[in-house]
There are 2 protein chains.
Amino acid sequence: MNHEPVLAPMLRKLRLWGNLDAAQEQALLDLPHNVVAVERNKAVVREGDPASQCWLVLSGFCVRLKYVGSGGRQIVSIHMKGDMVDLQNALLGRADHTVQTLTACTMARLPIQAVRRLTDTCPAIKDALWHDTLVDGSIHREWVANVGRRDASTRIAHLLCEFALKLEAVHLGEQMDYELPMTQDQLADATGLTPVHVNRVLQTLERDGLVERATPKSVVIGDWKRLAAFGDFRPDYLHLDMAKRRAEGR
Amino acid sequence: MNHEPVLAPMLRKLRLWGNLDAAQEQALLDLPHNVVAVERNKAVVREGDPASQCWLVLSGFCVRLKYVGSGGRQIVSIHMKGDMVDLQNALLGRADHTVQTLTACTMARLPIQAVRRLTDTCPAIKDALWHDTLVDGSIHREWVANVGRRDASTRIAHLLCEFALKLEAVHLGEQMDYELPMTQDQLADATGLTPVHVNRVLQTLERDGLVERATPKSVVIGDWKRLAAFGDFRPDYLHLDMAKRRAEGR
DNA sequence: CGTTTGGTTGACGAAGCTCAAAGCCGGTGG
DNA sequence: CCACCGGCTTTGAGCTTCGTCAACCAAACG
C-alpha cells in the first residue's frame, strides 16, 4: 500500500483556506523536517524563547498557553493533527507563549527559514499560511469573548462544541462522540475556572442531558443543536464552511 | 507648509514591522481611499456583514467587539491612529466581529481588492501586513490570559498599561498621563467586568496611589514601574522593541 | 498491592454581580 | 442666567457564582 507523505495533514488543513496547484502542494510536502515523538505534558516551546522552528502536529493534541504573575496558567488555544502550532512564534522570532502537549504527540519540526524561503517564492502558499494565522486570530477573539462574558457552564459547553467541530474538520467524519484529551485541570486552564468548579459544571451538563460521559474523558454529545444553543456556539468564527453546514444541518 | 499624506499614519505603523523602500512606501500612500468622519459610538462594521472594505484609523479611538447570547458585549481590542482596524474581517471576507468608534474618528476606507492587488505585486508589503496581523494575534492571546486569569484590579491595571504603551508608540512621546477614551461601561466590556465593579476598582487603584484621576477619564500613571508590576504587565507580547526599552527604562 | 494521578464531595468564604437610588456634570432651551 | 435633561459616575445593600481548602475516592500503572 501507498504511504501518505508525512506532511500531508498540514496540506489537508491548508486546502481549506485556498487552492494550491500540484507543484505548490508538492513543495509543501518537500519542506525539510524531522519527525519527533513528544511525550504527554511536555513543553516544546517556552514563552520567551527565541523561536526558529515551526512545529506541526501529526498526531495527538497540544495547547498554547500563557502564565500570569499570580502563578495561574491560561490555555489560549487547542491544536490537533494538521495544525502548525507555532507559526506565530516562529514568524515573530520570539515566543510570546508556551506550546505544550496534552497527549503524546508526533510532531514535525520545520526550520522557519525553509518555510520563509518557500513563502517567498510561492505567493499562493504565503496566502494560505497568512489565512491560517487570520483564522487563528478569529478563534482567539472568540475565546476572549468566551472567557470574558459567558458563565461557567455556557463557557464549557462552547469549548466542547468547538472541539467537536474541529475534530470533525480534521477527520472528515462525525465527531459528536469523542475523547476529550484534557484533564479537568486543563479544562479549567482553558476556561479560566477552577478544576473543582469545572467538575461540578460537567456534572450539571450531564444531569441536564447535554452531554454523556461514560468515562471521565469521553464526551458524547447527544443533541448537537441543543448543546450548541446552550453553549451560545455559532461556528462562523472558525471560518470553516463545512462547519457552517454542519451546525445548521443536524 | 508641507501636508503629510493622508495615509501616513498607516505607514508609520508598518515601518515598525519591517523595512520598506521608497517605492513601496509610495505605493501604500497611493492606495485608493476615502476619508470618512465617523461620530462617536457608531459601528462601522457589524458582525456577520460581508466585509469588502478595510478601515484605517486616522484620528480618534475605536474598538473591535463581539456580542454573546446573553446580551453581553466583549471588547476584544482597542485601536488608535495608524491601525488598520479591519484587515482581518476584510481578508476573511465576512466580519466575525463588530468595529465601533469610542470617540469621534476620522477613518480612511480602503477597498480590499486594492489592498490585495498591492500585496500581490509587492511581497514586502504583504509581509508587513502579515506581521501586523500576527502582532494582533499576540495581543489577543494576552487578552485571553488577562480576562481569564487575572483578578479585577490586576486586569484593569494591565489594560491601562497596554493603552499607555500603545499611545506612546503612536505618538512617539511620553504618555504616562493621558485621557482614557472609554467610559466605565466600556472599560467593563473590555475587561469582562461590571461597570459598578470597574468603578470601585478604579477607586482602589487611586487610593493605592497607582493612578491619579483628576477627571473621571484622565489617567495619570505616577509610577510606571509600580503600575506595571501590579498589573502583571510585561510588554513583550506587543512585539514593540521600543516598548521593551521603555518598560525597563523608567 | 502501593503509589500516583485525576476525579469527586462538602463546608465555607470571597470576589464580583444585581438592583436601585442618588449625585454630578456639560449641554440645551427657555 | 437658570432649569432641566441625559449620559456617566458613585454609593449602598444584598446576593450569587465561583473559588479555597481539605479530605476522600477510583482507576491506572509500575
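So you know, we letter chains A, B, ... as the sequences are listed, proteins then strands, and number each from 1.
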Could you list the donor-acceptor pairs under 3.5 angstrom formed by side chains in residues 187-198 of chain A, with sequence neighbours left out?
from    : atom 1 : to      : atom 2 : distance (Å)
D189(A) : OD1    : R149(B) : NH2    : 3.0
D189(A) : OD2    : R73(A)  : NE     : 2.9
T191(A) : OG1    : L187(A) : O      : 2.7
T191(A) : OG1    : A188(A) : O      : 3.4

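In this structure E212(B) satisfies the side-chain hydrogen bond (donor to acceptor under 3.5 Å, both in side chains) test with no other residue, sequence neighbours excluded. Remark: K66(A) engages E142(B) in a side-chain hydrogen bond (donor to acceptor under 3.5 Å, both in side chains) (not counting sequence neighbours). Residues forming a side-chain hydrogen bond (donor to acceptor under 3.5 Å, both in side chains) with R46(A) (at least two apart in sequence, or on another chain): none. Scanning for salt bridge (Lys or Arg N to Asp or Glu O under 4.0 Å) contacts around R234(A) gives D232(A), with sequence neighbours left out. Not counting sequence neighbours, the partners of E179(A) by the side-chain contact (heavy atoms from CB on, under 4.5 Å) test are T215(A), K217(A), S218(A). Partners of N89(B) according to the side-chain hydrogen bond (donor to acceptor under 3.5 Å, both in side chains) rule, which considers only residues two or more places apart in sequence or in another chain, are D86(B), H97(B). Not counting sequence neighbours, the partners of D177(B) by the side-chain contact (heavy atoms from CB on, under 4.5 Å) test are V220(B).
Within the structure, ring-ring contact (aromatic ring centres under 6.0 Å, His included) contacts touching residues 53-78 of chain A (residues at least two apart or in different chains) are F61(A)-F163(A).
Note on G192(A): only backbone sugar-phosphate atoms sit closer than 4.0 angstrom, heavy atoms only; bases stay farther off.
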**Fill in**
Nucleotide by nucleotide, nucleotides 5-15 of chain D touches protein heavy atoms under 4.0 Å in the pattern (B base, S sugar-phosphate only, - none) ---SSBBBB--
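Comment: D236(B) does not engage R94(A) in a salt bridge, judged by the lack of any side-chain N to carboxylate O separation of less than 4.0 angstrom.
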**Complete:** Its dot-bracket string being built from Watson-Crick and G-U pairs below 3.5 Å, with | for another strand and [ ] for crossing, DNA chain D has the pattern |||||||||||||||||||||||.||||||
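Note that the first and last nucleotides of DNA chain C, 5' to 3', having any atom under 4.0 angstrom from a heavy atom of chain A are dG6(C) to dA11(C).
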